[in-house]
Amino acid sequence: MPEYRPQSIEQKWQERWRSGRAFEVTEDPGKPKFYCLEMFAYPSGHAHVGHVRNYMIGDVVARMKRMRGFNVLHPFGWDAFGLPAENAAIKNGTHPETWTLENIAHMKGQLQRLGISYAWEREIATCLPEYYKWNQWIFLKMLERDLAYRKRSSVNWCPSCNTVLANEQVVNGGCWRCGTTVTTRELEQWFFRITQYADELLDDMTQLGEWPDKVLTMQSNWVGRSQGARVTFALESNAGRALPPPQQRASGSDAIEVFTTRIDTIYGATFIVLAPEHPLVQRFAGESPDPAAFRAKVAKFTSQDRSARLTGEVEKEGFDTGRRAINPFTNEPVPIWVANFVLMEYGTGAVMGVPGHDQRDFEFARKYGLPITIVVQPDGETLSAETMTEAKPGAGRLVASGEFSGLDWEEGNRRMTEAARQRGIGHGTVQYRLKDWGISRQRYWGTPIPVVYCETHGLVGVPYDQLPVELPKIAAFSGRGDSPLAQIPEFVNTTCPECGGPARRETDTMDTFVDSSWYFFRFCDPRNADLPFDPEHVGYWGPVDFYSGGVEHAILHLIYSRFFTRVFRDLGMTHLSEPFARLLTQGMVLKSGQVMSKSKGNVVDPDDMIQKYGADALRLYVMFVAPPEKEIEWTDAGLEGSFRFLARVWRLADSLCDTIGGHGIPAPSAVALNDEERALRRKTHQTIKRVTIDLDPRVHLNTAVSAMMELVNELYAFCSHTRCGPVSEDSDNVGVVERPATIAVLKEAVEALVRMLSPFAPHMAEELWESLGHRDGITAAGWPEYDETVAKAEEIVVPVQINGKVRARITVPADTPEDDLRTMVLADAQVRSHLDGRAVQKIMVAPNGRLVSIVVQHG
RNA sequence: GCCGGGGUGGCGGAACUGGCAGACGCAUCGGACUUAAAAUCCGAAGUCCCCACAAGGGACGUGCGGGUUCGAUUCCCGCCCCCGGCACCA
C-alpha cells in the first residue's frame, strides 16, 4: 500500500487544473451563478499563513458551490499600489513597479501551491495602466456629477524631510524616517462627496442581513447620524433691532448658529462656546480692546496638538470673549466663550452650553463659574443646581421652560424645533460624523488624478480619449520634496485640452482605497478596453454572494465600496446598490498569542508547511481548529493531527479501492442490509446532512470537519468487525469482503466522504477519486445527497429525568407514541427504583420524544 | 460613557428552535503490534466523594448572584471580567 505522500499528488493535480483551465468560467444562463470573493491581496512580499487563511476559507465555499451545481466565479487580484512599494524604493533603490511585480509573482506561486481554485485568467493588478485608467474614468464621471471637488485641507508635513507624510508614516507624532515632530500644512486637495449618500448608506444597512452585527455597528458609528436642530443666537449688539430675514441672517456675522441634539434644554443654555477656528472669533479679536492678547489666547488653542484636541486628551480650557448673545427662547443675554473642546469640523463650530444637562458643559461651567439652570426634571427626582455634582442628561419633564414647561422632553424637543422654525430662528436638521473622502495623496505609487490646470481655462479634466494618464518612470526616489510627480517637468508641463495653451498637470495621486472600491466589478469583465466593465457582465455575476476578509476593513473599504456601487448605479451601469450580499470577517492567525509579523519574527510560511505536511493538511488544519470568524492560535501539533487524519482517510480509501472501485456494485438501497450495514449507511447519510448544512448555509467549517472525522472513525470500526480495509493488513487472514451489501454500503460511505472532503483537501480527494475508478474529476461528481429517511435513527435512547436529574435511559424505537413512551418509562426497573414508591405528580415528554421528565414529591 | 461580541475540561473547541454539557481534535495515560522505538490500531479520561480495589453509586459543574421552568450553556434581572468599535461629535 503506498503511503500518503502529499507533495507529488499536489503537484500533479495543480498541473491538471491549470492545463485543464478547471476554474475558468463563462456566463451560463442555464446555471445559477455564485460569486465567491476574498479581499484581494496587497503584494507585500511573502504571504504567511495568517494572510492565506482567508483564501482557504473562500476556496472551501467556492469548491463546494461548484460541486452543488453553481457556476462559480472565484477570481483573484492584487491591490498593487501603495506606500510600502515607495518606501522600499527610498530604502533600497528598487523601483516600486519592480518590487511590486516581483512580490506578486512570488505570492501567486504560494497561492497556487495551496491549490486555491482561482480563475487566474481574470487576475488583475491595480498598478497596471489597463486597470488604473478606469480609476481615472470614474474620477472624471464623479467630477462631472459634482461628486469630486477640491478644497483646502491639512496634511502631515515633515519640516526636515520637507515632504508630506501619510498618516501611517507618522509614528508617535514624529516622522517615520527622521523622527522630527510632524506639523500640518494646508493644501488644495480632492474629495469625493460620500456624504451625499450618508442616509442611504445608513438606512440600507437593513438589507445587509448577512453581514456581521459588528461590522454594521461600526459602519453606523462611522456615519454617525444625529438628529437635532440648528438654532440662531443673535449677537447682543443687534438685540434691540428687529432681526433681518433668515436668508440674510444665516450667512451674516451678526448671529451665531449652533447645532444641538437637545433643543428641549435650550432654556438652560447659559453660555455659548465657539471653536477657536470659528470665523467670528477673528472678528471679536479685532473688535476687542486688546486684539493681540485676544489672539494670543486663541493661538494657544490652535497650536495644541490636533489629534490630542480631537481625542480630548487636552484639558478643557476657554476664555470669555466679553461679547454676549441672546438666547432666542429666554431672550436673556448669555456670554460667548471660546474653548478648545469645540471642533470647527463638526456641526457649526459653535455650541450652546447647557451645564445642567451636559457633563462637559457642567465641568466647564463649574470651572469658570458660569450659571447652571435646571430645565429637565427626571421622574422621582428633584434636581438642584446648587447641590448637583454632575450633569443630568437624559429623560424627564421640562421645567422653567416658559410655555413648554410641563412637557415630556421628547415632546418638548419636537415642539421647540417647530417653534424655532416658525419664528425663523432655527430648524430641525441631521448632522453626520461622516466626512467627505479626501483622496489626494502626495505620493508616486498611485493613480494620477486626471486633471490639468490651464492658465486660461483653469481646472480641466483630461478628456476620456486621452486616458490613461500614465505614471512616468522615475529613476531615483529621495523621499524629499513635494509630491514625487511634481519633480518631473516632463510630466507636469503639458498642454490644455481645451485651448492647447500651456498647462500644468495635477501631481497628486489617488488614495489606494479608490482602487479597491470597485475591483469586484472589474473581475466580472477584467479585459474590457472600453469601459470599467460591461453592465451585462455585472448584471449576470453581481452581487458578490460571499465576501470574506479581515475585519480591519469593516469601515473604510466596505463603506467606500458601497458608495462606489451607488455611484455606478446612478451612472446607470448596475442595478445594484449593495455589492456584497454576505460578508464573513475571518479571524487572525496568532503565534504565541501575537499577530504574525516579519518584525516579530513569528511568521509561519505556508511553503514550509506544504513541504512538511502538504497543502491539504494545512488547509484542513486551518479550517478545523476554530470557526472561521475566530482568531486561531497556530500550533504545529494541530497541523500534525490534521495530517494524521488525512493519512487515515488515505489508508482507508486506498485499501478499499480494489473492493469498492469495481463495476456492477449494487446501490445500497437495492440490497438487504444487516444491522451493522444499516448502521453504517445511516451514519453516512447523517454525516452528509451535517456537513452539507454546516457548509451551506452555515459556513461552520470546523464542525463539518468533525463530522467527517466521526464518519471515518465509524468506518474503521466497521472495517475492524468485517476484517477488511486498512485493519486487514495486520491480521493473518486478510479479509476479503464478499457480501455485496457490505461492499455497497462501504462504497457509498467512502465515496461520499471523499467528495465531502474535497473542498478541504482537494488534491488528495481528486487522487482518491481517481483511484476509485472515476475519470471525470471530483467537481463533476457533484455533492453527495442524503436521504432523510435513511439518516433517521431507528432506535433512540431516551433519558429519563426525575425531578430534573437524569436517572435512567431507555432505548425505544424512534417515533414511539408519547403515551407508549410514558408507559414504558414507568414500567422500567431503574426508573421504579428511583421513584421508590413515591407518587408521580406529573410526567411529560419533550418534543420528538427526546426526553421524559417525571416530577415526584420530594421525600 | 455609548454600541457590538464573548467568558464551557490541561488546551482548541461542540451542543440546530429551552431537552443526556464536554462531540471532534491536541496533549496525557494504558493496551496490542515490535528485539526495541517510531508509525499504526484499540481503549481510558470534567472535578470531587463513598467503597480496600473493582463493579457500582452519589454530589458538584458552562464567569458571579438571583429569577422563570418539570428541565437553563441557551430565556429574564443585577453584577464581574476579556476582546473590538466609536467618543470633548454638542
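All chains are named by letter (A, B, ...) in the order of the sequence lines, taking the proteins before the strands, and each is independently numbered beginning at 1. Excluded from the calculations below are hydrogen atoms, water molecules and symmetry mates; all remaining heavy atoms, backbone and side chain alike, are included.
Taking atom C1' on both B/G46 and B/G22, the two are 8 Å apart, rounded to the nearest angstrom. Spacing between B/A38 and B/G61 at atom P, rounded to whole Å, works out to 41 Å. Taking the P atom of each, B/A15 and B/U69 are spaced 29 Å apart, rounded to whole Å. One C1' atom belongs to B/U28, the other to B/C16, and the distance between them is 33 Å to the nearest Å. Comparing the P positions of B/A55 and B/A45 gives an interatomic distance of 10 Å, to the nearest angstrom. Between the C1' atoms of B/G63 and B/U74, the separation comes to 16 Å (whole Å).
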Where do N or O atoms of nucleotides 45-50 of chain B meet protein N or O atoms at under 3.5 Å, pair by pair?
none

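RNA chain B forms stems at B:1-7 with B:80-86, B:10-12 with B:24-26, B:28-32 with B:40-44, B:46-50 with B:56-60, B:63-67 with B:75-79, each a run of 3 or more consecutive Watson-Crick or G-U wobble pairs whose two key distances fall under 3.5 Å.
In this structure A/Lys392 satisfies the side-chain hydrogen bond (donor to acceptor under 3.5 Å, both in side chains) test together with A/Glu381, sequence neighbours excluded. Applying the side-chain hydrogen bond (donor to acceptor under 3.5 Å, both in side chains) test to A/Ser833 and every residue at least two apart in sequence or in another chain returns nothing. Among residues two or more places apart in sequence or in another chain, the side-chain hydrogen bond (donor to acceptor under 3.5 Å, both in side chains) test is passed with A/Tyr560 by none. Shown here are the ring-ring contact (aromatic ring centres under 6.0 Å, His included) partners of A/Trp222, two or more places apart in sequence or in another chain: there are none.
Taking the syn range as angles within 90° of 0, the glycosidic angle of B/G9 is syn.
Under a 3.5 Å cut-off, the side chain of A/Ser720 and the backbone N or O of A/Tyr716 do not form any donor-acceptor pair. Side-chain N or O atoms of A/Asn340 include none that pairs as donor or acceptor with a backbone N or O of A/Lys316 at under 3.5 Å.
A donor N or O paired with an acceptor N or O is found under 3.5 Å between the base of B/A90 and the side-chain atoms of A/Arg360.
Only A/Ala637, A/Gly641, A/Arg644, listed by number, bring a heavy atom of residues 632-645 of chain A to less than 4.0 angstrom from any atom of RNA chain B.
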Atom pairs and distances, side-chain donor-acceptor, residues 690-699 of chain A, under 3.5 Å, sequence neighbours left out:
from     : atom 1 : to       : atom 2 : distance (Å)
A/Arg690 : NH1    : A/Glu710 : OE2    : 3.2
A/Thr692 : OG1    : A/Ile688 : O      : 2.5
A/Thr692 : OG1    : A/Trp783 : NE1    : 3.0
A/Asp694 : OD1    : A/Arg698 : NH1    : 3.0
A/Asp694 : OD2    : A/Thr703 : OG1    : 2.8
A/Asp694 : OD2    : A/Ala704 : N      : 3.3
A/Asp696 : OD2    : A/Lys65  : NZ     : 2.8
A/Asp696 : OD2    : A/Arg68  : NH1    : 3.1
A/Arg698 : NH2    : A/His700 : ND1    : 3.0

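Annotation: salt bridge (charged side-chain N to carboxylate O under 4.0 Å, His left out) contacts involving residues 619-640 of chain A, sequence neighbours excluded, comprise A/Asp59-A/Arg619. Screening residues 349-361 of chain A for salt bridge (charged side-chain N to carboxylate O under 4.0 Å, His left out) gives A/Asp358-A/Arg360 as the qualifying pairs, with residues at least two apart or on separate chains. Residues in residues 549-559 of chain A take part in no salt bridge (charged side-chain N to carboxylate O under 4.0 Å, His left out) pair, two or more places apart or across chains.
For the pair A/Asn221 CG and B/G1 P, the interatomic distance rounds to 17 Å; values are reported in whole Å. Distance CD1 (A/Ile555) to C1' (B/G84): 10 Å, rounded to an integer number of Å. One interatomic measurement links the two molecules: OH of A/Tyr716 to P of B/C42, which rounds to 8 Å at whole-angstrom precision. Residue A/Lys630 contributes atom NZ, which lies 20 Å from atom P of B/G4 at whole-angstrom precision.
For the residue pair A/Gln830 / A/Arg809, no side-chain donor-acceptor distance below 3.5 Å is found, with atom types taken as modelled.
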List the protein contact pattern of nucleotides 17-23 of chain B with one symbol per nucleotide (5' to 3'): B for base contact, S for sugar-phosphate-only contact, - for none; contact means a heavy-atom distance under 4.0 Å. --BB--B

